[in-house]
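Contents: one structure, followed by commentary.
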Number of protein chains: 2
Amino acid sequence: MGTEKLDTEVRQEQLAQAALSLITIQGLKGLSVARVARRVGLVPSAVYRHFESKDELLDAVLEMIRERLNANVVLASQGATDALQVLRRLVMAHVRLIRENEGILSVVFSDEVHNGHPARKALVHSIIQGYLKKVAQIVSRGQQQGHIRADADPGTVSVMFLGLIQPAALLWHLSGGGFDVTRHVEKAWDLLSKTLKAS
Amino acid sequence: MGTEKLDTEVRQEQLAQAALSLITIQGLKGLSVARVARRVGLVPSAVYRHFESKDELLDAVLEMIRERLNANVVLASQGATDALQVLRRLVMAHVRLIRENEGILSVVFSDEVHNGHPARKALVHSIIQGYLKKVAQIVSRGQQQGHIRADADPGTVSVMFLGLIQPAALLWHLSGGGFDVTRHVEKAWDLLSKTLKAS
DNA sequence: GGATCATGTGAATAATAGTTCACATCAATG
DNA sequence: CATTGATGTGAACTATTATTCACATGATCC
């Protein structure tokens with residue numbers, strides 16, 4: 001057939017992207033090598049020219065997720081003044097990211113991660129840890145600036161930060177889009193930031 | 001073989017319990033009819049005497065989860081005085097429940113729920129909605145008693161309540177037990193309850 | 001104690017999916 | 001222009017698993 005031959009780096013990128021899209025649409029269970037292949041105009045066996053196994057493909061997807069999370073932190077920090085403002089911007093960017101890629105939650109909570117190769121579990125752990133660390137740093141900076149109360153543990157706040165979004169995303173997902181994540185996160189953030197504000 | 005014959009209600013209970021245990025140990029992906037059967041000393045085909053399908057078995061597991069969540073609410077409310085105290089007790093009971101049954105999170109976030117039969121998705125939605133509603137009622141009661149500030153939306157607080165635990169449970173899971181959920185939830189609750197307390 | 005019906009068994013079935021392999025093809029290299 | 005190596009193809013293989021069915025068995029009711 002008239003299928004173009006592309007360098008393996010390009011294909012890897014394509015395949016990882018196609019995999020994440022597929023997960024977003026069909027869930028991780030719907031992620032099959034065959035479907036991913038078809039999505040980029042290839043035949044199933046061709047995938048194995050670019051990845052050793054399906055597992056390796058999934059790892060590539062995880063790396064994509066890490067990059068997008070980190071990109072959000074950079075974006076939210078640009079032109080930053082108040083740490084609380086940065087956090088607010090970040091929480092909203094996070095909501096957008098999750099909404100546009102429901103697959104992320106599917107992967108993070110999946111069996112493939114929690115009961116698959118220990119290495120993959122460790123990878124996801126490091127991704128989330130890395131993200132939380134950056135959030136905690138923002139909190140620390142806010143404390144040094146005097147915008148955030150000093151007796152709040154940055155680590156605890158960073159986990160609470162995730163907690164603003166996670167259950168809301170779950171409800172949004174379960175309700176088929178009926179739950180208003182943005183509205184919830186705004187209200188929840190208002191409440192939380194009241195506590196965080198230095199008095 | 002010398003396998004005892006038991007009434008279908010007993011078997012259903014046994015099988016659902018065995019299924020939840022299996023999910024806790026191996027994840028939802030590791031839940032096969034064969035394994036569940038072996039766990040109660042039966043042969044795979046025998047399961048179909050008590051459940052129409054694997055799907056129906058999963059639904060039975062979900063009902064178990066609902067009952068345990070509701071039991072926690074009753075327990076935490078017993079001998080209640082301050083609503084904030086009730087919520088604190090409930091959050092701790094919830095942590096214990098999740099820690100002892102990691103399978104609950106596996107199921108709630110699974111593809112089988114999110115991309116399976118719409119009816120199952122609706123069931124999970126109703127379970128969580130029901131739980132949140134009860135939490136919100138506790139908050140409302142606290143506002144009437146004057147223990148909780150009046151300008152906090154009970155619905156928002158109930159979702160935040162879940163948010164205290166969910167990401168912590170995820171980290172605990174990912175770290176293989178290294179993350180101290182109880183400690184985090186205590187600190188996070190302290191922070192949140194400062195905001196909630198009526199001034 | 002014998003009939004009966006729910007419960008348990010073992011074998012067979014069908015579908016799905018990851019993976020392998022022998023072969024084809026195209027682009028770059030010398 | 002011929003060679004070579006990377007990329008793509010199609011068919012086959014294997015393993016897993018939910019499900020069905022004909023048959024066995026044991027408890028219960030008359």
Side-chain angles (χ1 to χ4, degrees), chain A residues 1-19 22-23 25-62 106-107 110-113 115-117 119-120, chain B residues 1-19 22-23 25-62 106-107 110-113 115-117 119-120:
Chain A
M1 305 285 285
T3 308
E4 227 184 333
K5 289 191 178 179
L6 297 179
D7 281 353
T8 197
E9 294 103 25
V10 180
R11 283 294 190 210
Q12 284 175 346
E13 189 69 27
Q14 279 187 354
L15 289 166
Q17 176 58 56
L22 238 168
I23 296 170
I25 297 169
Q26 311 222 15
L28 189 54
K29 210 178 127 201
L31 178 73
S32 74
V33 175
R35 269 190 274 267
V36 174
R38 185 159 356 108
R39 217 147 208 283
V40 298
L42 284 180
V43 114
S45 57
V47 173
Y48 291 85
R49 294 284 174 218
H50 310 290
F51 291 103
E52 280 277 332
S53 62
K54 185 185 176 183
D55 278 354
E56 219 179 58
L57 171 59
L58 237 186
D59 287 342
V61 172
L62 289 173
S106 290
V107 176
S110 68
D111 282 326
E112 272 74 12
V113 165
N115 298 90
H117 292 151
R120 177 165 325 119
Chain B
M1 305 287 287
T3 308
E4 228 182 333
K5 289 192 179 180
L6 296 178
D7 281 353
T8 198
E9 295 102 26
V10 180
R11 283 294 190 211
Q12 284 175 345
E13 188 70 26
Q14 280 186 354
L15 289 167
Q17 176 59 57
L22 237 169
I23 295 169
I25 297 170
Q26 311 221 14
L28 190 55
K29 209 179 128 201
L31 179 74
S32 74
V33 175
R35 269 191 275 267
V36 174
R38 187 161 353 111
R39 216 148 209 284
V40 298
L42 285 179
V43 113
S45 58
V47 172
Y48 291 84
R49 294 286 173 217
H50 311 290
F51 291 102
E52 281 276 333
S53 63
K54 186 185 174 184
D55 278 355
E56 220 178 58
L57 171 59
L58 237 185
D59 287 342
V61 172
L62 289 174
S106 290
V107 176
S110 69
D111 282 326
E112 273 73 11
V113 165
N115 297 91
H117 291 151
R120 177 164 325 121

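Note that this is a predicted model, so its numbers are computed, not measured. Quick note on labels: first sequence line is chain A, next is B, and so on, each numbered from 1.
- Comparing C/dT19, C/dA6, C/dT9 by their nearest atom to the side chain of B/Val43 picks out C/dT9.
- A/Leu31 comes within 4.0 angstrom of the backbone, heavy atoms only, and of no base.
- Remark: B/His50 is not in phosphate contact with C/dA6, judged by side-chain N or O atoms under 4.0 Å from OP1 or OP2.
- Between the CG atom of A/Leu57 and the P atom of C/dA17 there is a distance of 15 Å, rounded to whole Å.
- For A/Lys54 and C/dG18, the shortest distance from a side-chain N or O to OP1 or OP2 is below 4.0 Å.
- Atom CD of B/Gln26 is separated from atom C1' of D/dT17 by 14 Å (rounded to the nearest Å).
- Rounded to an integer number of Å, the gap from B/Leu6 CG to D/dG26 C1' is 12 Å.
- Each of B/Ser45 and B/Glu9 has a nearest nucleotide on DNA chain C; the 5'-most of these lies closest to B/Glu9.
- Picking from D/dT25, D/dT9, C/dT25 the nucleotide with the shortest atom distance to the side chain of A/Ala46 gives D/dT9.
- Atom P of nucleotide D/dA11 and atom OH of A/Tyr48 are separated by 18 Å, given to the nearest angstrom.
- One can place CG of B/Asp7 at 9 Å from C1' of C/dA6, the figure rounded to the nearest angstrom.
- When rounded to the nearest whole Å, the span between CG of B/Leu58 and C1' of D/dT19 equals 16 Å.
- Closest approach to the B/Arg35 side chain among D/dT17, C/dA17, C/dT20 is made by D/dT17 (side chain taken as heavy atoms from C-beta onward).
- Nearest to the side chain of B/Ser32, among C/dG8, D/dT17, D/dT7, sits D/dT17.
- Put simply, CG on B/Leu28 and OG on B/Ser110 are 5.0 Å apart, with the number rounded to the nearest 0.5 Å.
- At least one donor-acceptor pair closer than 3.5 Å links the side chain of B/Gln12 to the backbone N or O of B/His50.
- In this structure a side-chain-to-backbone donor-acceptor pair under 3.5 Å is missing from B/Asp111 to A/Gly27.
- The distance from atom CD of B/Glu4 to atom P of D/dT28 is 11 Å, rounded to the nearest whole Å.
- Taking atom CZ of A/Arg38 as the reference point, atom P of C/dT16 lies 12 Å away to the nearest angstrom.
- Each of C/dT9, D/dT19, D/dT9 was ranked by its minimum atom distance to the side chain of A/Arg49; first place goes to D/dT9.
- Taking 4.5 Å as the limit, every side-chain heavy atom of B/Gln14 sits out of range of all side-chain heavy atoms of B/Leu42.
- Set against D/dT9, D/dT25, C/dG18, the side chain of B/Lys5 has D/dT25 as its closest nucleotide.
- For D/dT9, one of the phosphate oxygens OP1 or OP2 lies less than 4.0 angstrom from a side-chain nitrogen or oxygen of A/Thr3.
- The shortest distance between the side-chain N/O atoms of A/Arg11 and the OP1/OP2 oxygens of D/dA6 is not below 4.0 Å.
- At distances below 3.5 Å, at least one donor-acceptor pair connects side-chain atoms of B/Lys54 with backbone N or O atoms of B/Leu31.
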